[in-house]
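To start, the structure itself, in structure tokens.
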There are 2 protein chains.
Amino acid sequence: MSDPNVRLEELVTRLRALGHRLTPQRMAVLQTLALSDSHPSVEQIYERVKRDFPMTSLATVYKTVTLLKEMGEVLELGFSDDSRRYDGSKPYPHPHLVCVRCKEILDPDMPSVSGLSDRLAQTRGYQIVGHRLDFYGICPCCREREA
Amino acid sequence: MSDPNVRLEELVTRLRALGHRLTPQRMAVLQTLALSDSHPSVEQIYERVKRDFPMTSLATVYKTVTLLKEMGEVLELGFSDDSRRYDGSKPYPHPHLVCVRCKEILDPDMPSVSGLSDRLAQTRGYQIVGHRLDFYGICPCCREREA
DNA sequence: GTATCTGCAAATGGTTTGCACGCTA
DNA sequence: TAGCGTGCAAACCATTTGCAGATAC
């Protein structure tokens with residue numbers, strides 16, 4: 001994992017490079033995304049941002065997250081139950097380990113599957129642009145609670 | 001790929017085994033799910049079903065798909081753009097190859113990742129209950145069209 | 001015969017949008 | 001000062017739900 005503060009600087013620089021303005025609300029969203037390792041939801045980002053800027057609106061959080069998503073600086077993880085979580089630290093495809101009970105999301109160390117991507121490109125003629133690998137399970141904490 | 005008609009029989013049997021009634025509308029949904037290899041959306045299932053039963057409602061299709069999902073007989077694939085596709089042929093985790101242009105979904109032959117599941121169970125203490133592996137790309141057809 | 005299923009229409013709820021005002025650069 | 005960004009509230013829209021009538025078994 002790279003330094004979260006370095007990542008924050010990077011996000012600020014790239015926003016500015018594209019001519020976007022850096023408002024306090026945006027800065028707070030960037031901080032939450034860059035400094036959190038917990039793959040927050042929009043609602044969670046909103047709650048965190050409101051601590052510093054109580055009059056921030058949910059719509060603004062949505063707009064900022066959407067902007068970052070379009071810039072490719074945030075990875076969106078949509079799930080079957082309609083929930084969406086965001087990763088601003090590593091905005092490129094990587095495996096996730098999801099607890100189906102408490103919804104915690106971890107980034108496990110794991111061999112990459114990019115070799116499989118290459119194989120698909122060859123055998124199917126697809127130009128691969130991304131992938132997603134999720135493991136769903138019950139975390140030790142929830143297993144104990146249920147025992 | 002197993003025989004779609006065998007799969008259809010299987011679905012019918014399992015529905016009945018749980019005491020559910022087999023209405024014409026349900027039968028048409030089962031057929032669409034079992035006999036299609038194209039991972040249809042609810043809307044697509046609805047269009048197909050209406051050919052045989054024009055007065056079928058969208059709500060009924062939703063209810064039947066939800067029932068099958070709860071029975072574990074249909075795999076739901078939700079995507080970031082809010083679209084959802086369903087697989088009634090192989091309702092267990094398996095890799096998908098998705099064209100980001102035309103939304104076609106294929107089941108590529110591919111080594112399984114269950115070995116990685118086992119490893120996560122050991123290293124992280126998770127009880128793994130499922131996984132998802134998707135590759136996103138541009139299919140040969142769409143690549144040619146764009147060239 | 002009766003409990004389940006269907007169709008309709010209304011409700012739901014996360015996300016998006018339109019607009020007038022405010023603030024960054 | 002020129003626009004971009006914000007906050008508010010309304011709009012959106014796929015999906016779910018409630019209910020009265022229809023139907024599988």
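Here is how names work: the chains are called A, B, and so on, in the same order as the sequence lines, proteins then strands, and each is numbered from 1.
Distances shorter than 4.0 Å separate none of the side-chain N or O atoms of B:Ser57 from OP1 or OP2 on C:dT6. For A:His20 and D:dG5, the shortest distance from a side-chain N or O to OP1 or OP2 is below 4.0 Å.
Across the protein-nucleic acid pair, B:Leu67 atom CG and D:dT15 atom C1' stand 16 Å apart, rounded to whole Å. When rounded to the nearest whole Å, the span between CG of A:Leu15 and P of D:dC4 equals 15 Å. As a whole-Å value, the separation of B:Phe79 CZ from D:dA14 C1' is 16 Å. The interatomic distance linking B:Leu77 (CG) with D:dA14 (C1') rounds to 17 Å, in whole Å. Across the protein-nucleic acid pair, B:Arg85 atom CZ and D:dA14 atom C1' stand 16 Å apart, rounded to whole Å. What separates CD of A:Gln25 from P of D:dC4 is a distance of 17 Å, to the nearest Å. Atom CE in A:Met27 sits roughly 14 Å away from atom P in D:dT6 (whole-Å rounding).
At a threshold of 4.5 Å between non-hydrogen side-chain atoms, the residues B:Asp87 and B:Asp107 count as touching.
Among residues at least two apart or in separate chains, side chain to side chain donor-acceptor pair (under 3.5 Å) pairs with a member in residues 114-123 of chain A are A:Ser112-A:Ser114. Sorted by first and then second residue, the pairs that involve residues 62-75 of chain A and meet side chain to side chain donor-acceptor pair (under 3.5 Å), not counting sequence neighbours, are A:Arg7-A:Glu73, A:Arg14-A:Glu73, A:Lys69-A:Glu76. Legend: ring-ring contact (aromatic ring centres under 6.0 Å, His included) pairs involving residues 74-96 of chain B, not counting sequence neighbours, sorted by first then second residue: B:His39-B:His96, B:Tyr92-B:His94, B:His94-B:His96. Residue pairs meeting the ring-ring contact (aromatic ring centres under 6.0 Å, His included) criterion with at least one partner in residues 4-25 of chain B, sequence neighbours excluded, do not occur; the list is empty. The stretch residues 107-129 of chain B participates, sequence neighbours left out, in no ring-ring contact (aromatic ring centres under 6.0 Å, His included) pair at all.
A side-chain donor-acceptor contact under 3.5 Å links A:Arg26 to the backbone of A:Arg21.
In this structure, A:Leu75 CG and A:Leu68 CG are separated by 12.5 Å, a value rounded to the nearest 0.5 Å. One finds the CG atom of A:Asp37 at 11.5 Å from the CD1 atom of A:Ile105 (value rounded to the nearest 0.5 Å).
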Please list, for nucleotides 19-24 of chain D, all pairs of protein and nucleotide N/O atoms separated by less than 3.5 Å.
| residue | atom | partner | partner atom | Å |
| --- | --- | --- | --- | --- |
| D:dA24 | N3 | B:Arg21 | NH1 | 3.3 |

Can you name the atoms? Protein N/O to nucleotides 12-15 of chain C N/O, anything below 3.5 Å, with the distance.
| residue | atom | partner | partner atom | Å |
| --- | --- | --- | --- | --- |
| C:dT15 | OP2 | A:Tyr62 | OH | 2.1 |
| C:dT15 | O5' | A:Tyr62 | OH | 3.0 |

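A search for side chain to side chain donor-acceptor pair (under 3.5 Å) contacts involving B:Thr23 returns nothing, not counting sequence neighbours. By the salt bridge (Lys or Arg N to Asp or Glu O under 4.0 Å) test, A:Asp134 is found to be paired with A:Arg132, residues two or more places apart in sequence or in another chain being considered. Annotation: salt bridge (Lys or Arg N to Asp or Glu O under 4.0 Å) contacts of B:Glu146 (sequence neighbours excluded): B:Arg101.
Under a hydrophobic-cluster definition in which Ile, Leu, Val, Met, Phe, Trp and Tyr are linked whenever side-chain heavy atoms come within less than 4.5 Å, directly or via other members, A:Phe53 and A:Met27 are assigned to different clusters.
Axis angle between the ends of the helix from C:dG1-D:dC25 to C:dA25-D:dT1, five pairs each and rounded to 10 degrees, works out to 40°.
A heavy atom lying under 4.0 Å from DNA chain D marks the following residues of residues 45-55 of chain A, by number: A:Met55.
Comment: B:Asp109 does not engage A:Arg124 in a salt bridge, judged by the lack of any side-chain N to carboxylate O separation of less than 4.0 angstrom.
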